[in-house]
> 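Dumping the structure here so I can ask a few things about it.
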Amino acid sequence: NPPRKEHTMAKVTLQQGLYKVVFTEYDRFSGQKHWDTEYYDNEDEARQRAISYNKEHNNLDYVPEWYVRADYEGRV
């Protein structure tokens, strides 16, 4: 299981949009809950982050009892 990282973020004041990747924890016994959120100033980087995270961590041929999934959620 990947370790959970604590993040402290500074206030972002960009003129262009930000792109959001949301991480959700799934547990067979307790259901699902928010795990983390990351923001990118580049859409391609945000999409690639979700894809690469899932390829690295969610590559089994079955659904494990516990896992975290990354989802690209678009511009915010």
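Excluded from the calculations below are hydrogen atoms, water molecules and symmetry mates; all remaining heavy atoms, backbone and side chain alike, are included.
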> Enter the distance from E45:CD to S52:OG here, rounded to the nearest 0.5 Å.
11.0 Å
> If I compare all heavy atoms of V68 with all of F23, which pair ends up nearest, and what's the gap?
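Smallest interatomic distance, heavy atoms only, reads CG1-CB, 3.9 Å.
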> Carefully, step by step, assess N58 and R69 under the rule side chain to side chain contact (heavy atoms under 4.5 Å, CB included).
CA-CA 7 Å; N58 300 318; R69 185 180 80 197; 4.3 Å; yes
> Which atoms form the tightest heavy-atom contact between V21 and Y40, and what is the distance?
CG2-CE1, 4.0 Å
> Indicate the ring-plane relationship of Y26 and Y67, choosing parallel, tilted or perpendicular according to the 30° and 60° boundaries.
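Judged by the thresholds at 30° and 60°, the geometry between Y26 and Y67 is parallel.
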> Could you give the distance from OG1 (T37) to CD (E73), rounded to the nearest 0.5 Å?
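The CD atom of E73 is 7.5 Å from OG1 of T37, to the nearest 0.5 Å.
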> Which atoms form the tightest heavy-atom contact between A70 and N54, and what is the distance?
O-ND2, 2.8 Å
> Testing the basics here: between V22 and H34, what is the closest heavy-atom pair and its distance to 0.1 Å?
CG1-CD2, 4.0 Å
> Calculate, to the nearest 0.5 Å, the distance between atoms CZ and OH belonging to R49 and Y39 respectively.
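OH of Y39 is found 14.5 Å from CZ of R49.
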> Does the side chain of Y72 come under 3.5 Å of the side chain of E43 through a donor N or O and an acceptor N or O?
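A pair is found: one side chain offers a donor N or O, the other an acceptor, under 3.5 Å apart.
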> Hey, could you give me the CD/OH distance between Q48 and Y53, rounded to the nearest 0.5 Å?
15.0 Å
> Quick one: closest heavy-atom pair of D44 and N42, and the distance?
N-OD1, 2.9 Å
> Measuring from Q32:CD to D27:CG, what's the distance to the nearest 0.5 Å?
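That separation rounds to 11.0 Å.
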